[in-house]
Visitor: 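Starting off with a structure, shown below.
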Amino acid sequence: METSPRDSKQAFRGRHIASIVLTGAGSGKRTLHHAISLEGAPIAYRPGDALGVHPINDPVLVARVIDRLGATGCEIVTTARGETTLADALKTHSLAAPSRKLIELMASRGASSLAPLLGPANTALLKQYLSGPDSHDVLDVLEAHPDVRVEPAELVSTLRSLLPRLYSVASSVKAHSDEVHALVVSVTYTLRGRERFGVASTWLNDRWPTGESADLYLQDQQKHFAMPADPSAPMIMVGPGTGLAPFRSFIEERIVTGARGRNWLFFGEQRRASDFFYENELTTYARDGLLRLDTAFSRDQADKIYVQHRMREQAHDIWDWLENGAELFVCGDKEHMAADVDRELHRIAETIGGKTPEHAAEYVENLRKTKRYKRDVY
């Protein structure tokens, strides 16, 4: 049901109705498909929109912080939302990113190794300590200084509220009435001998049981990542990994509505046997002539192959599609994949389009300005 006018952020109470592991044996990742009920919610979404979730911290991490404080978790503390228990406050405040305020508190209590980070000449060092590749979380800070005493209320006063996380919707509501789908990979890594967990991804994949409801919202992303307004316009979609999510919704929408535009997907992951998400759907669409599909599975051969390599192989056809009005969409990793795809696009304009580097840059920029080159990267 369409709201009028359509709100940019539509809150609802959603019931978790399905959780399906998509990665198989031998995968280095754990990626799940989630289906969430919209039944009874007077809201709508479109392909390209995002699902907003309010995650809750890992209870094991919460318990370790409580233990480090020498507390029980039942202590009453004050947050921006009023009084609550320490345990409940730690569930909904960020434990992954310590604040400068916490560093200042610890330094004032005798954590001498932290004091230099607060000097005006050491801003870069502080940033690296808090958010660099070797970053520290709240438990790291507390455990590194066992002799420093911090009261529960003092710790909570330094913490920021957990921010919601956005995931591209992976479904068309026209294909799945009263449902919204998400594609989520668990973020896990080991640092300083302790396994770390992405708060939102592992909440969705491991700590939100099917059958239970949670507060969610749908975020309007149409200004920067909408499908072509013309259903006959060709679409080229580049979405490795969970960047596939919005393109599953694009393809479903076009098939259900009978749109005449051609659809071309570049999908990549590590191994075909264990990481080909929605393989049956996508290969069936390709078999039936509804989708052109190029895949790149990086670990299936000695030399790694990525989506930008497949683009190079199909450069002549990509250029032909672009010259015939195609819109190009990219979703996924900003620093590596999206940058590599962008360089390949410039290269195609030069090598196939016959443009100088300067004119190729102008061509790509014009695609952006006319909203024929859209990116949802992070």
Side-chain angles (χ1 to χ4, degrees), residues 1-18 33-54 164-184 204 214-239 242-265 267 277-278 281-282 285 290-291 325-332 338 367-368 370-378:
M1 175 179 176
E2 183 75 40
T3 56
S4 182
R6 187 171 186 265
D7 297 327
S8 63
K9 183 183 289 188
Q10 304 174 90
F12 69 101
R13 186 80 177 164
R15 183 169 55 87
H16 198 187
I17 56 178
H33 164 90
H34 297 277
I36 299 158
S37 175
L38 300 177
E39 188 175 358
I43 59 176
Y45 67 89
R46 289 174 281 189
D49 286 348
L51 175 71
V53 305
H54 303 279
R165 305 299 202 272
L166 290 173
Y167 292 89
S168 298
V169 299
S171 56
S172 163
V173 75
K174 292 183 175 69
H176 306 277
S177 179
D178 287 333
E179 292 183 13
V180 61
H181 298 173
L183 179 63
V184 181
L204 277 164
D215 291 325
L216 307 164
Y217 65 93
L218 286 162
Q219 177 73 53
D220 188 339
Q221 304 280 76
Q222 297 301 303
K223 285 186 178 180
H224 81 277
F225 210 66
M227 289 179 66
D230 180 359
S232 66
M235 288 195 305
I236 302 172
M237 300 161 282
V238 184
T242 55
L244 171 61
F247 304 135
R248 180 176 185 255
S249 71
F250 284 17
I251 296 164
E252 287 186 340
E253 182 88 359
R254 281 204 150 177
I255 290 173
V256 171
T257 59
R260 292 179 288 108
R262 294 177 294 167
N263 308 303
W264 189 356
L265 173 67
F267 171 71
F277 313 143
Y278 307 116
E281 292 179 19
L282 297 177
Y285 296 152
L290 300 169
L291 175 69
E327 296 190 14
L328 174 63
F329 298 83
V330 180
C331 183
L367 290 177
R368 284 196 183 94
T370 57
K371 296 187 176 182
R372 290 180 53 210
Y373 178 24
K374 304 174 189 179
R375 308 198 314 168
D376 185 10
V377 296
Y378 38 85

Visitor: Please check: side-chain N/O of Asp215 versus main-chain N/O of Ala11, any donor-acceptor pairing under 3.5 Å?
Guide: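 Not confirmed, Asp215 side chain does not pair with Ala11 backbone.
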
Visitor: With distance as the sole test, does Glu327 use its side chain to make a donor-acceptor pair with the main-chain N or O of Met227 at under 3.5 Å?
Guide: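 Here the side-chain-to-backbone pair does not exist.
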
Visitor: Does any non-hydrogen side-chain atom of Trp264 lie less than 4.5 Å from one of Pro234?
Guide: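 A side-chain contact is absent here, since even the closest heavy-atom pair is not under 4.5 Å.
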
Visitor: Can you confirm if the aromatic rings of Phe277 and His33 lie within a centre distance of less than 6.0 Å?
Guide: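 That pair fails the under 6.0 Å test.
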
Visitor: Start with the C-alpha gap between Leu51 and Leu218, add the side-chain angles, then the distance that decides, and say whether side chain to side chain contact (heavy atoms under 4.5 Å, CB included) holds.
Guide: CA-CA 5 Å; Leu51 175 71; Leu218 286 162; 4.1 Å; yes

Visitor: Taking NZ, NE, NH1 and NH2 as the nitrogens, is one of them in Glu252 or Lys174 under 4.0 Å from a carboxylate oxygen of the other?
Guide: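 Result for this pair is no, no salt bridge flagged.
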
Visitor: Could you please spell out the steps behind the side chain to side chain contact (heavy atoms under 4.5 Å, CB included) verdict for Asp376 and Phe329?
Guide: CA-CA 8 Å; Asp376 185 10; Phe329 298 83; over 6 Å; no

Visitor: I need the minimum non-hydrogen distance between Tyr45 and Ser171, along with the two atoms involved.
Guide: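 Smallest interatomic distance, heavy atoms only, reads OH-OG, 2.8 Å.
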
Visitor: Between atom CG of Leu291 and atom CE of Met237, what is the distance when rounded to the nearest 0.5 Å?
Guide: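 If we round to the nearest 0.5 Å, Leu291:CG and Met237:CE are 6.0 Å apart.
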
Visitor: For the NE2 atom of His34 and the CG atom of Leu204, what is their distance to the nearest 0.5 Å?
Guide: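 Answer for the NE2-CG pair, His34 versus Leu204, is 5.0 Å.
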
Visitor: State plainly whether the residues Asp220 and Lys9 are in salt-bridge range, i.e. N to O under 4.0 Å.
Guide: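 Salt bridge absent between Asp220 and Lys9.
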
Visitor: Starting at NE2 of His54, measure out to CZ of Arg165 and round the result to the nearest 0.5 Å.
Guide: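 Between His54 NE2 and Arg165 CZ, I get 11.5 Å after rounding to 0.5 Å.
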
Visitor: Closest heavy-atom contact between Gly48 and Phe250?
Guide: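 Shortest heavy-atom separation between Gly48 and Phe250 comes out as N-CE1, 3.5 Å.
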
Visitor: Strictly distance-based, threshold 3.5 Å: is any side-chain N or O of Glu39 a donor or acceptor partner for the main-chain N or O of Gly14?
Guide: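 No; judged by distance alone, with no hydrogens or angles, the pair does not exist.
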
Visitor: How about Arg13: does its CZ atom have over 12 heavy atoms from other parts shown lying under 6.0 Å from it?
Guide: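 Buried by this count: over 12 neighbours within 6.0 Å.
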
Visitor: Is there a side chain to side chain contact (heavy atoms under 4.5 Å, CB included) between Leu265 and Tyr285 once you walk through the steps?
Guide: CA-CA 11 Å; Leu265 173 67; Tyr285 296 152; over 6 Å; no

Visitor: Which heavy atom in Val330 sits nearest to a heavy atom in Val377, and how many Å separate them?
Guide: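 Reported closest heavy-atom pair: O-CG1, 4.3 Å.
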
Visitor: Hey, is the main chain of Ala18 close enough, under 3.5 Å, to the side chain of His16 for a donor-acceptor pair?
Guide: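 Judged by distance alone, yes, a pair lies under 3.5 Å.
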
Visitor: Minimum heavy-atom separation for Ser172 to Ser249, with atom names?
Guide: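 Smallest heavy-atom distance, with atoms named: CB-O, 3.8 Å.
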
Visitor: Can you tell if the side chain of Pro47 reaches within under 4.5 Å of the side chain of Phe225, non-hydrogen atoms only?
Guide: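 Result no, sub-4.5 Å side-chain heavy-atom pair not found.
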
Visitor: Which atom pair, heavy atoms only, marks the closest approach of Cys331 to Ser168?
Guide: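 Cys331 and Ser168 have their closest heavy atoms at SG-OG, 4.2 Å.
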
Visitor: As an exercise, state the distance from CD1 of Ile251 to CG of Leu244, rounded to the nearest 0.5 Å.
Guide: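 If I round to the nearest 0.5 Å, the distance is 7.0 Å.
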
Visitor: I need the minimum non-hydrogen distance between Pro231 and Arg254, along with the two atoms involved.
Guide: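 The pair with the smallest heavy-atom distance is O-NH2, 3.3 Å.
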
Visitor: List the steps and the verdict of side chain to side chain contact (heavy atoms under 4.5 Å, CB included) for Tyr167 and Val53.
Guide: CA-CA 8 Å; Tyr167 292 89; Val53 305; 3.9 Å; yes

Visitor: Has the side chain of Gln219 got a donor or acceptor atom that lies under 3.5 Å from a matching backbone atom of Ser8?
Guide: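 Here the side-chain-to-backbone pair exists.
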
Visitor: Quick one: does any side-chain atom of Arg372 pair with a main-chain N or O of Ala326 as donor and acceptor, under 3.5 Å?
Guide: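 Yes.
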
Visitor: Say you draw a straight line from CZ of Arg368 to CG of Leu328; how long is it, rounded to the nearest 0.5 Å?
Guide: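 If I round to the nearest 0.5 Å, the distance is 10.0 Å.
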
Visitor: Check whether any side-chain N or O of Arg15 sits under 3.5 Å from a backbone N or O of Ser37 as a donor-acceptor pair, and report yes or no.
Guide: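 No, Arg15 side chain to Ser37 backbone: no donor-acceptor pair under 3.5 Å.
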
Visitor: Could you give the distance from OH (Tyr278) to CG (Leu183), rounded to the nearest 0.5 Å?
Guide: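 The CG atom of Leu183 is 4.5 Å from OH of Tyr278, to the nearest 0.5 Å.
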
